[in-house]
Asker: 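Below: one structure in structure tokens.
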Number of protein chains: 2
Amino acid sequence: MIGNSPAAFHVSTRGEYGMRLMVDLAKHWGQGTVSLHAVAEREDLPEAYLEQLVAALRKAGLVNGKRGAGGGYVLAREPREITAGDVVRALEGPIEPQICTAEGEAILNCVREPDCGTRAVWLKLQDSIAKALDGMTLAELAKTTTRERVNV
Amino acid sequence: MIGNSPAAFHVSTRGEYGMRLMVDLAKHWGQGTVSLHAVAEREDLPEAYLEQLVAALRKAGLVNGKRGAGGGYVLAREPREITAGDVVRALEGPIEPQICTAEGEAILNCVREPDCGTRAVWLKLQDSIAKALDGMTLAELAKTTTRERVNV
DNA sequence: ACAATTCCGAGTGAAGTGATCGGAAATTCC
DNA sequence: GGAATTTCCGATCACTTCACTCGGAATTGT
């Protein structure tokens with residue numbers, strides 16, 4: 001092999017916990033700051049680990065933190081203006097499977113075989129994932145959570 | 001945390017290499033067995049590593065191996081009857097993000113919060129990924145590979 | 001002053017990734 | 001029958017990532 005294909009696409013607990021966190025914040029939108037302690041209790045997640053995740057969300061400009069007693073976090077934008085895609089991207093890195101497909105240098109990656117047929121797979125997959133995640137807003141998810149029982 | 005959310009969804013080099021392998025086999029469909037040595041050379045992939053991957057594909061019933069000189073691998077079914085989803089599933093595990101969503105015991109997973117709003121995200125994502133991958137056959141991919149220059 | 005809370009960086013055990021290696025078993029060719 | 005080929009099988013290994021924990025600083029409200 002020549003180049004390495006660094007971690008294609010993946011969703012781990014980072015994405016899961018982070019999504020829970022963000023939906024929780026969305027549910028309390030307009031009610032001031034929410035402390036990680038409260039989120040950790042409600043969602044039954046390790047608080048110290050959430051700290052790490054929320055740091056990524058803050059750096060991505062999705063939440064604002066306020067220190068001190070009575071402090072906490074607030075969504076940086078309205079829930080309807082934050083998508084699941086924003087959250088996943090902030091926590092797991094770019095959605096695009098970087099297999100022959102890295103953004104910005106799409107063609108350069110596939111040096112050996114420019115017609116590489118498998119590329120079609122990852123391109124379609126990438127598109128599919130992005131469309132699914134970018135099509136869901138926190139506002140919708142927060143609504144679904146409180147009501148509506150889902151039957152599988 | 002109580003339960004573990006074991007590895008949600010991910011595509012790594014296993015999926016990438018495996019797909020290249022399978023497309024290569026599809027291209028040589030009807031021409032007898034293809035040795036890993038040949039594939040490794042054509043696709044510029046580590047042969048010893050391919051061995052490991054092809055074992056998973058064989059166990060999944062996607063390829064048949066034939067030992068001995070002149071031996072190699074053949075697709076177990078027609079290229080048009082094997083999807084990209086089959087390949088990815090065989091190599092990376094079930095596509096379904098096992099976040100509140102494991103197949104067969106969908107509801108049991110989300111013990112604490114049956115209305116867990118974030119579940120909608122993973123359900124939709126799962127559906128989206130599965131539809132995209134299951135909608136592509138090796139026959140199509142093999143065709144794309146030989147001709148058709150893709151301009152991104 | 002004091003408690004709450006965000007911020008920050010470092011560390012850690014377990015698992016997964018991406019291989020490599022040695023060798024056994026089967027099959028074909030000579 | 002023997003040698004080459006090739007699939008099979010299991011072990012090992014360096015490296016990275018995952019999922020967390022910990023200690024401590026900085027900031028703010030009471």
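All values reported here derive from a predicted model rather than from experimental measurement. Side chains included, hydrogens not; waters and symmetry mates left out as well; all remaining heavy atoms used. Quick note on labels: first sequence line is chain A, next is B, and so on, each numbered from 1.
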Asker: Counting side-chain heavy atoms from CB outward, which of C:dG18, D:dT7, C:dA3 is closest to B:S35?
Answerer: D:dT7
Asker: How close or far is atom C1' of D:dA19 from atom CG of A:L53, stated in whole angstroms?
Answerer: 9 Å
Asker: So, under a plain 3.5 Å distance rule, would you say the side chain of A:Q52 forms a donor-acceptor pair with the base of D:dA19?
Answerer: no
Asker: Which residue, A:L138, A:L45, A:V39, forms the side-chain contact (heavy atoms from CB on, under 4.5 Å) with A:D24?
Answerer: A:V39
Asker: First locate atom CH2 of A:W29, then atom CG of A:L75, and finally report the distance between them rounded to the nearest 0.5 Å.
Answerer: 6.0 Å
Asker: I need the CD-C1' distance between A:E92 and D:dT17, as an integer number of Å.
Answerer: 11 Å
Asker: Provide, to the nearest angstrom, the distance between the CD atom belonging to A:E16 and the C1' atom belonging to D:dA19.
Answerer: 12 Å
Asker: Does C:dT17 have OP1 or OP2 sitting under 4.0 Å from an N or O in the side chain of B:H10?
Answerer: yes
Asker: Check this one for me: any side-chain N or O of B:K66 less than 4.0 Å away from OP1 or OP2 of C:dT28?
Answerer: yes
Asker: Measure from the side-chain N and O atoms of A:E92 to the backbone N and O of A:V11, and report whether any donor-acceptor pair falls under 3.5 Å.
Answerer: no
Asker: With respect to the side chain of A:R58, which nucleotide from C:dC8, C:dT28, D:dT28 is positioned closest?
Answerer: C:dC8
Asker: Using whole Å, what does the distance between atom P of nucleotide C:dA24 and atom CD of B:E51 come to?
Answerer: 15 Å
Asker: Rounded at 0.5 Å granularity, tell me how far CZ in A:R20 sits from CG in A:L25.
Answerer: 13.5 Å
Asker: A:R14 side chain to A:L91 main-chain N or O, any donor-acceptor pair under 3.5 Å?
Answerer: yes
Asker: On DNA chain D, compare the nucleotides closest to A:R14 and B:G70; which residue's is nearer the 5' end?
Answerer: B:G70
Asker: Could you check which of C:dT28, D:dT7, D:dT27 has an atom nearest any side-chain atom of A:R67?
Answerer: D:dT27
Asker: Specify the separation, in whole Å, of atom CG of B:L36 and atom P of D:dT6.
Answerer: 10 Å
Asker: Using the side-chain heavy atoms of B:Y17, tell me which of these nucleotides is nearest: D:dA4, C:dA19, D:dT21.
Answerer: C:dA19
Asker: Measure the distance from CD on B:E47 to P on C:dA19 and round it to the nearest whole Å.
Answerer: 14 Å
Asker: Measuring from the side chain of B:T13 (C-beta onward, heavy atoms only), which nucleotide among C:dG18, D:dC9, C:dT20 has the closest atom?
Answerer: C:dG18
Asker: Can you measure B:L45 atom CG to C:dT20 atom P for me and round it to whole angstrom units?
Answerer: 11 Å
Asker: Quickly work out the A:Y73 OH to C:dA4 P distance and round it to whole Å.
Answerer: 17 Å
Asker: With a cut-off of less than 4.0 Å, is there a side-chain N or O of B:S12 near OP1 or OP2 of C:dG16?
Answerer: no
